[in-house]
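By convention in this document, chain letters (A, B, ...) are assigned in the order of the sequence lines, proteins followed by strands, and residues within each chain are numbered from 1.
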There are 2 protein chains.
Amino acid sequence: MMNASTIATEAAHPQALVMVDTALFTIHDERLCLILARRREAPFAGALALPGGFVHIDEDADTESAARRVIRAKIGFDAPYLEQLFTFSGAHRDPRGWSLSVAYYALVPATLLDASQMAEAFAVDALPALPFDHDRIVARAVQRLRDKATYSSLPAFLLPETFTLNELHRIYEHSIGTRLDKASFRQKIIEQGIIEPIAGSFRTGAHRPAQMYRLSRSTLTAFARQI
Amino acid sequence: MMNASTIATEAAHPQALVMVDTALFTIHDERLCLILARRREAPFAGALALPGGFVHIDEDADTESAARRVIRAKIGFDAPYLEQLFTFSGAHRDPRGWSLSVAYYALVPATLLDASQMAEAFAVDALPALPFDHDRIVARAVQRLRDKATYSSLPAFLLPETFTLNELHRIYEHSIGTRLDKASFRQKIIEQGIIEPIAGSFRTGAHRPAQMYRLSRSTLTAFARQI
DNA sequence: ACCACTTAATTGTTTTTTGCAACTTACATT
DNA sequence: AATGTAAGTTGCAAAAAACAATTAAGTGGT
């Protein structure tokens with residue numbers, strides 16, 4: 001029978017530090033933002049960084065559970081969308097030694113965040129300097145979001161439960177970073193069937209009321225073609 | 001100053017086993033295959049599995065280097081294409097304890113493999129039962145290959161340095177799993193500029209000779225549209 | 001030498017998808 | 001009731017894709 005010390009002998013190698021880091025996207029003032037955390041401990045105590053922490057193998061079922069735990073600690077609830085991004089590793093990314101960080105990215109509607117949480121949201125194109133290799137994590141997360149926005153329902157997870165087609169249109173444009181034709185966008189979204197109108201529900205304002213919609217599925221839907 | 005024992009105290013948690021596993025794709029008899037390795041050690045000694053091993057933090061610069069080392073040990077050279085796939089983790093995927101495996105996938109032209117290596121190539125739709133969670137790794141690797149084949153030069157890395165357009169056509173069909181129109185395929189590939197004709201070089205045979213091509217770039221090229 | 005056969009490569013036509021612009025609708029405000 | 005503006009639709013031209021047919025270039029058999 002094997003026990004921990006047998007394993008250590010078998011592996012016969014010094015151990016890597018295993019952690020998770022999370023890129024929490026939200027929208028603020030029509031801009032794509034990331035929620036940062038101020039580090040309480042060394043290294044880089046006091047600096048703003050991506051929320052993260054060590055994997056606790058006695059407590060976390062897997063790294064995704066660890067990421068969920070980190071996110072809950074940060075915002076108080078589970079993000080509507082969470083996906084593994086990439087695993088970063090090496091001797092120099094953390095001064096404490098050879099480390100491995102499984103990075104996740106999540107999308108959080110701004111409506112679910114309170115003022116103090118929104119105060120820690122920074123536009124992705126105006127982030128402060130970040131410690132470790134968090135710049136690389138951010139770059140990859142933004143790239144992933146942009147890529148995936150072109151062929152899936154991903155950006156919808158930045159919106160509240162209900163939204164108008166124009167709101168969805170704008171969030172796609174902000175996610176992808178390019179202008180999208182209104183007529184084509186509406187047609188494609190409708191025919192993909194990712195959203196459904198909420199009968200009788202309209203956003204009223206100064207002008208013509210807008211039909212409210214909700215996502216048909218709570219999970220990501222990939223499109224056959226690009227948006 | 002910090003040292004290993006301080007860190008262990010700081011982390012204050014039992015450690016995860018950190019390893020890499022690799023899905024090595026190749027083509028044999030017009031079929032998409034994976035190269036498996038027979039395990040020499042417990043657990044699952046004697047079973048066929050994805051080539052893999054522990055990360056050696058004193059030797060591997062990062063997990064990608066570890067994957068390259070594993071691949072070199074298996075086939076004797078670096079795969080022309082290597083990419084991180086996904087990180088699998090949890091208490092139950094390996095009987096030795098809570099483990100984390102960073103999975104990579106690689107594409108290797110059959111022409112670079114010798115007979116003994118090809119003997120360990122199994123069609124992805126007729127694989128033997130695999131230990132650990134290697135079935136999940138394989139499923140995700142095949143899915144990634146199929147997805148990426150639809151919008152990039154990825155399948156070309158399964159071919160030797162030089163190839164004909166029809167060979168490229170067939171490898172795309174095998175990678176994606178669907179039929180592609182000959183005329184459209186040729187036009188799209190040419191206009192993407194991922195390949196260039198080799199002046200004066202033709203594959204001769206019983207019929208009309210076919211122009212030979214090579215990749216224009218040694219790195220992956222993503223297309224603006226689907227193939 | 002010529003014909004049949006097969007694969008390589010191109011050409012042409014139809015259908016579908018896009019990109020763009022103009023237009024209609026429905027409200028609040030004055 | 002007129003005006004302004006955002007919501008939503010319609011129509012058309014251009015581009016892209018799918019499909020079908022044709023031409024090109026060799027080998028091998030007679």
Side-chain angles (χ1 to χ4, degrees), chain A residues 29-30 149-152 155-156 159-160 162-174 176-214 221-227, chain B residues 29-30 149-153 155-156 159-160 162-214 221-227:
Chain A
D29 289 342
E30 299 256 318
T150 63
Y151 64 89
S152 78
L159 290 174
T162 68
F163 48 83
T164 70
L165 251 170
N166 280 318
E167 289 164 355
L168 187 65
H169 185 199
R170 276 196 293 276
I171 212 111
Y172 265 86
E173 292 186 331
H174 286 121
I176 299 175
T178 62
R179 214 203 133 264
L180 299 169
D181 178 65
K182 180 169 57 160
S184 307
F185 177 80
R186 296 175 87 94
Q187 192 198 328
K188 288 183 200 171
I189 288 289
I190 297 295
E191 81 187 12
Q192 293 296 341
I194 66 164
I195 59 172
E196 52 193 27
I198 304 169
S201 179
F202 294 88
R203 166 139 308 149
T204 54
H207 304 290
R208 176 174 174 173
Q211 174 69 54
M212 300 295 293
Y213 292 84
R214 68 163 66 88
T221 307
F223 305 155
R225 302 177 175 281
Q226 287 183 191
I227 200 68
Chain B
D29 288 342
E30 299 257 318
T150 63
Y151 64 88
S152 79
S153 58
L159 290 174
T162 68
F163 49 84
T164 70
L165 250 171
N166 280 320
E167 289 165 354
L168 187 65
H169 186 199
R170 275 196 293 276
I171 212 112
Y172 265 85
E173 292 187 329
H174 285 122
S175 300
I176 300 175
T178 63
R179 215 203 132 262
L180 298 169
D181 178 66
K182 181 168 57 162
S184 308
F185 178 80
R186 298 175 86 94
Q187 192 196 330
K188 289 182 200 172
I189 287 290
I190 297 293
E191 81 186 12
Q192 293 295 342
I194 66 163
I195 59 171
E196 51 193 29
I198 305 168
S201 179
F202 294 88
R203 164 139 309 147
T204 54
H207 304 290
R208 175 173 174 174
Q211 174 69 54
M212 300 294 294
Y213 291 84
R214 67 163 66 89
T221 307
F223 305 155
R225 300 178 176 283
Q226 286 183 192
I227 200 70

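- Of the two residues contacting DNA chain D, namely B/R208 and A/R225, the nearest-nucleotide position lying further toward the 5' end is that of A/R225.
- Distance B/F202 CZ to D/dT27 C1': 17 Å, rounded to the nearest Å.
- Contact annotation: the side chain of B/M212 approaches that of B/T164 to within less than 4.5 Å [non-hydrogen atoms, C-beta and beyond].
- For the pair A/Q226 and B/A210, both in contact range of DNA chain C, the more 5′-proximal nearest nucleotide belongs to B/A210.
- With DNA chain D read from its 5' end, the first of the two nearest nucleotides for B/G205 and B/D181 is the one closest to B/D181.
- The main-chain N or O of A/R214 is never found under 3.5 Å from a side-chain atom of A/E196 such that the two would form a donor-acceptor pair.
- Among the nucleotides C/dA9, D/dA20, D/dA7, the one closest to any side-chain atom of B/Q211 is C/dA9.
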So B/Y213 and B/I189, side-chain contact (heavy atoms from CB on, under 4.5 Å) or not? Walk me through it. CA-CA 11 Å; B/Y213 291 84; B/I189 287 290; over 6 Å; no

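- Atom C1' of nucleotide D/dA7 and atom OH of A/Y213 are separated by 10 Å, given to the nearest angstrom.
- A donor and an acceptor atom sit less than 3.5 Å apart, one in the side chain of B/K182 and one in the base of C/dA9.
- One interatomic measurement links the two molecules: CD of A/Q187 to P of D/dT10, which rounds to 11 Å at whole-angstrom precision.
- Computed from coordinates, the B/N166 CG to C/dT6 P distance equals 16 Å when rounded to whole Å.
- The distance between atom CZ of B/R186 and atom C1' of C/dG12, rounded to the nearest whole Å, is 17 Å.
- Residues A/H169 and A/L180 are in side-chain contact: their nearest non-hydrogen atoms beyond the backbone lie under 4.5 Å apart.
- Listed candidates were D/dA17, D/dA25, D/dG8. Nearest to the side chain of B/S184 is D/dA17.
- Using a 4.5 Å heavy-atom cutoff, the side chains of A/N166 and A/K182 are in contact.
- Separating the CZ atom of B/R203 from the P atom of D/dT27 is a distance of 16 Å, rounded to the nearest angstrom.
- Counting to the nearest Å, the P atom of D/dA7 and the CD atom of A/E167 are 9 Å from each other.
- A donor and an acceptor atom never sit less than 3.5 Å apart when one is taken from the side chain of B/H207 and the other from the base of C/dT7.
- Counting to the nearest Å, the C1' atom of C/dT18 and the CD atom of A/E191 are 11 Å from each other.
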